[in-house]
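Note that the structure is a prediction, hence the values are computed from the model and not measured. Throughout, numbering of the chain's residues begins at 1 and tracks the sequence.
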Amino acid sequence: MPFRKTPLWLAIGVTVAPLTQADQRLDTLQVTANRLPQTRADVLASTTIIDRDEIERLQPNSVTELLQGRAGVELARNGARGNQTSLFLRGTNSDHALVLVDGARIASATDGSINWEFLPVAAIQRIEIVRGPRAAAYGADAIGGVINIITRQAETGGEHATLELRAGGEHTRRETAWFSATQKDTRLSALIDHQSTDGFSARADGGDDDGFDQRTGKLAMSHAFGERADLDVSLLRTRNDYDYDDCGYPPSQDCRGEGDQQVLSASLTTHNRPGWDTELAVARVTESRERFIDGRSSGETSTRRNEASLTNRLSGDWGETALGADVRDASLDSPLTYAEDGRRNWGVFANWHQRLARHRLSAGIRHDDDNRFGGATTGSLAYAYALTDAQQIGASYATAYKAPSLLDLYGPYGANPDLDAETSRTGELFWRLDRETWGLSATAFDTRIDDLIDYDPATFIPYNVGKARIRGVELAGDWQYGGFTLHAALTHQNPENRETGERLKRRARTFGRLDADYATGDWSFGATLRSAGDRRDTNAVTFADTTTAGYAVMDLRTTWRLTPRIALSAKLDNALDRDYQLVDGYNTQGRYLEGGITLRL
């Protein structure tokens, strides 16, 4: 296949226009950054919010489509859906981003990876992305930041139902049914979603198509006990079947996998008195995977995570404070032998925010005790000054760490129970301007990571040796006028191995995204441009170092509301049918057409 480097002049040109992300308005509450409900002006961190309206407008088939190219967010995938996917947040490693579903960790208990295809977009209400260390609030793994996926809850006021049917190329189908009802102080909701596709061959050198099939169920209930307390309970279960390539040794192309993930979460918030709320939250996340090579099972691996937290949120003349403690444990069942198959972590934390005239100050501290590698104390400090009512400058500094995984500590292929945690320190400078219909934001960051875990190529035993430094600038913006809406993000970074001076693999120096939409009457039209520069990579055949070319891909979409209850929609992904790769030797989606109908009852 021919691959050509694509310049980023178009993405750069539109980003430096007067834009900032419209989903970051001053009155938009965010809870992920400091475990406090805060407005954008009070969150002294670089954030992005993707709400349900934006999800429906973009018509994505996966969470990775929603995230790709946003400020600080890069993705790499070995072919079609269901294949291995890595997310790099601010140039950090793929396991340096903490991913939550309704506040619960979903990373695999074995190696800390995220199985992104277990997250159906039909079940998502909102995504909050916080870039930069958040260890002072959440503990391990939040070196690059936090991505909190909040699932759909019942709508207010009466009963609501939605039925969506979609079909597209490669025999793609999707059927979604959503229902919610409100009865006095109780709200209930339910979702059923099914999607399947024949897909395309993951390997660039040919082979059969790699199909994907997903079935999802979602139930949620919330109840308000007058003004005294609120109870929320949610259950999300997803089942996947998928094909992939290059499994086993010697490599086979007859590879199939199946698995399921279940997230059960509940929280009780009591309103003790004005300015004092207490939240008790519990969650259980289970996941299982089984792979088949040439029709033979390699065994099923199951993991479990249990979490509980108690958080007191207080506000007064001293500011706003979140004080709490949490405990979590993880365990696994595997056909392979692990010297230890479980771990437990205790943590206590305090996060504080204060507003004094034009000044805003945030601070946080947390201590964790992990029974497998020891303790860690992390902290953060941030300050901002309001130049005007709409313009703000600030700076922050924070530390974070990544706990070694059970695979690294006790795994069957080579393990080192004496591993230390990977540690980081990050400094940031930021400026942002929020107007009623437009705005701009810019963040410069410098992250240094020590004790990165590497592997001996002869014994596969992990050890602490690596060092990395990642410096960069993020620009983000939006503009709204009449029926026009523009959202843009551009990231320029230097993710560097401090020992060799080389760029970290599969990370571009410059990448960006532009979303442009226009609504008039019953019609809306939109386009998305995603672009990235070249990346260092590993040749899929020889395993030598290579370079994967840059790319620019355009997606088109439209929606027509026939009536207030019926809408037709269509999209054309990769409209120019660009040949490009996210990982050397593996295909990406060619030109793809899909359409559907939505009925609101």
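By the ring-ring contact (aromatic ring centres under 6.0 Å, His included) test, Phe225 is found to be paired with His223, residues two or more places apart in sequence or in another chain being considered. Taking the ring-ring contact (aromatic ring centres under 6.0 Å, His included) definition, one finds that Tyr455 meets it with nothing, sequence neighbours left out.
For the pair Arg126 (side chain) and Ile150 (backbone), a donor-acceptor distance under 3.5 Å is absent. Judged by distance alone, with hydrogens and angles left aside, the side-chain atoms of Arg152 form no donor-acceptor pair with the main-chain N or O of Ala123 at under 3.5 Å. At distances below 3.5 Å, not a single donor-acceptor pair connects side-chain atoms of Arg284 with backbone N or O atoms of Gln262. Judged by distance alone, with hydrogens and angles left aside, the side-chain atoms of Gln195 form no donor-acceptor pair with the main-chain N or O of Glu175 at under 3.5 Å. With Ser334 contributing its side chain and Leu336 its backbone, the two residues share a donor-acceptor pair below 3.5 Å. Between the side chain of Thr85 and the backbone N or O of Asn83, at least one donor-acceptor pair lies under 3.5 Å. At least one donor-acceptor pair closer than 3.5 Å links the side chain of Gln68 to the backbone N or O of Leu75. Judged purely by atom type and a 3.5 angstrom limit, Arg70 uses its side chain to pair as donor or acceptor with the backbone of Leu66. Checking side-chain atoms of Thr491 against main-chain N and O of Ala71 turns up no donor-acceptor pair under 3.5 Å. Side-chain N or O atoms of Asn416 include one that pairs as donor or acceptor with a backbone N or O of Pro462 at under 3.5 Å.
Between the side chains of Ser288 and Asp260, a donor-acceptor pair is found at a separation under 3.5 Å. Between the side chains of Ser309 and Thr311, no donor-acceptor pair of N or O atoms lies under 3.5 Å. For Ser234 and Lys218, the side-chain atoms include at least one donor-acceptor pair closer than 3.5 Å. At a cut-off of 3.5 Å, with distance as the only test, no side-chain donor of Arg432 or Ser441 sits close to an acceptor on the other residue. Judged by distance alone, the side chains of Asn312 and Thr278 do bring a donor and an acceptor atom under 3.5 Å apart. Under 3.5 Å, the side chains of Glu287 and Asn115 contain a donor-acceptor pair of N or O atoms.
Between Ile143 and Ser424 the shortest heavy-atom distance is CG2-OG, 3.5 Å.
Under 4.0 Å is where a charged nitrogen must lie from a carboxylate oxygen, and between Glu279 and Arg313 at least one such pair does. A salt bridge is defined here as a Lys NZ or Arg NE, NH1 or NH2 lying under 4.0 Å from an Asp or Glu carboxylate O, and Glu474 with Arg90 meets this definition. Between Asp368 and Arg366, at least one side-chain N (NZ, or NE/NH1/NH2) sits under 4.0 Å from a carboxylate O, which counts as a salt bridge. In summary, Asp450 and Arg425 engage in a salt bridge, as defined by a charged side-chain N under 4.0 Å from a carboxylate O. The residues Glu307 and Arg305 are annotated as not salt-bridged, no charged nitrogen and carboxylate oxygen being separated by less than 4.0 angstrom. Under 4.0 Å is where a charged nitrogen must lie from a carboxylate oxygen, and between Asp329 and Arg343 no such pair does. With salt bridges taken as basic N to acidic carboxylate O contacts below 4.0 Å, one links Arg77 and Glu117. In this structure, Arg344 does not pair ionically with Asp370, as no charged nitrogen and carboxylate oxygen lie closer than 4.0 Å. Here Asp213 pairs with Arg215 in a salt bridge; the nearest charged N to carboxylate O distance falls below 4.0 Å. Between Asp451 and Lys402, no side-chain nitrogen of the basic residue sits less than 4.0 Å from a carboxylate oxygen of the acidic one, so the salt-bridge criterion is not met. Salt bridge annotation for Glu54-Arg52: absent, with no cationic side-chain nitrogen under 4.0 angstrom from a carboxylate oxygen. Between Glu320 and Arg355 a salt bridge is recorded (basic side-chain N to carboxylate O distance below 4.0 Å). With salt bridges taken as basic N to acidic carboxylate O contacts below 4.0 Å, none links Asp51 and Arg57.
Looking at heavy atoms from C-beta onward, Pro120 lies in side-chain contact with Thr238 at the 4.5 angstrom threshold. Counting only heavy atoms from C-beta outward, the side chains of Ile106 and Phe118 never approach each other to under 4.5 Å. Counting heavy atoms from C-beta outward, Lys467 and Ile449 have side chains that stay 4.5 Å or more apart. Here the side chains of Trp178 and Glu155 are in contact, with some heavy-atom distance below 4.5 Å. Taking the side chain as every heavy atom from C-beta outward, Thr301 and Pro335 approach each other to under 4.5 Å. Inter-residue side-chain proximity for Ser46 and Val130 is flagged as unmet; no heavy-atom pair is nearer than 4.5 Å. Contact check for Leu264 versus Thr286: no side-chain heavy atoms found under the 4.5 Å cut-off. In this structure, the side chains of Asp232 and Ser222 come closer than 4.5 Å at one or more pairs of heavy atoms.
Across Arg81, Arg289, Gln214, Glu258, a single residue satisfies side-chain hydrogen bond (donor to acceptor under 3.5 Å, both in side chains) together with Asn240, and that is Gln214. Each of Ile114, Val63, Leu67 was scored for a side chain to side chain contact (heavy atoms under 4.5 Å, CB included) with Leu87, with one residue passing: Leu67.
Once rounded to the nearest 0.5 Å, the distance linking CG of Leu231 with CG of Asp185 reads 12.0 Å. Once rounded to the nearest 0.5 Å, the distance linking CD1 of Ile365 with CH2 of Trp352 reads 13.5 Å. Between Ser267 atom OG and Asp230 atom CG the span is 8.5 Å, to the nearest 0.5 Å. From Asn464, atom CG reaches atom CG of Asp418 across 10.0 Å, with rounding to the nearest 0.5 Å. Going from atom OG of Ser297 over to atom CZ of Arg291 covers 11.0 Å, rounded to the nearest 0.5 Å. The OG atom of Ser180 sits 10.5 Å away from the CD atom of Gln153 when rounded to the nearest 0.5 Å.
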Worksheet item: So Arg372 and Asn345, side chain to side chain donor-acceptor pair (under 3.5 Å) or not? Walk me through it.
Response: CA-CA 9 Å; Arg372 294 305 179 195; Asn345 186 96; over 6 Å; no
Discussion item. Determine whether Thr176 and Glu164 satisfy the following criterion, side chain to side chain donor-acceptor pair (under 3.5 Å), listing intermediate values before the conclusion.
Written reply: CA-CA 5 Å; Thr176 306; Glu164 184 176 16; 4.6 Å; no
Worksheet item: After noting the C-alpha distance and the side-chain angles of His96 and Glu422, does the key distance pass the side chain to side chain donor-acceptor pair (under 3.5 Å) rule?
Response: CA-CA 10 Å; His96 288 170; Glu422 300 172 326; 2.8 Å; yes
Discussion item. With side-chain contact (heavy atoms from CB on, under 4.5 Å) as the criterion, how do Leu361 and Leu381 come out once you've worked through the C-alpha distance, each side chain's angles and the decisive distance to 0.1 Å?
Written reply: CA-CA 8 Å; Leu361 183 65; Leu381 183 65; 4.1 Å; yes
Worksheet item: Hey, mind stepping through Asp102 and Thr151 against side chain to side chain donor-acceptor pair (under 3.5 Å) and telling me if it holds?
Response: CA-CA 6 Å; Asp102 292 332; Thr151 61; 2.6 Å; yes
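When the shell of 6.0 Å around CG of Leu163 is examined, it contains more than 12 heavy atoms from other residues, nucleotides or ligands. Surrounding CD of Gln183 are at most 12 heavy atoms belonging to other residues, nucleotides or ligands under 6.0 Å away.
For the pair Arg131 and Phe445, the cation-pi test (distance below 6.0 Å, angle within 45°) is failed. Note that Arg35 lies in the cation-pi zone of Tyr138, set by a 6.0 Å cut-off to the ring centre and a 45° limit from the axis.
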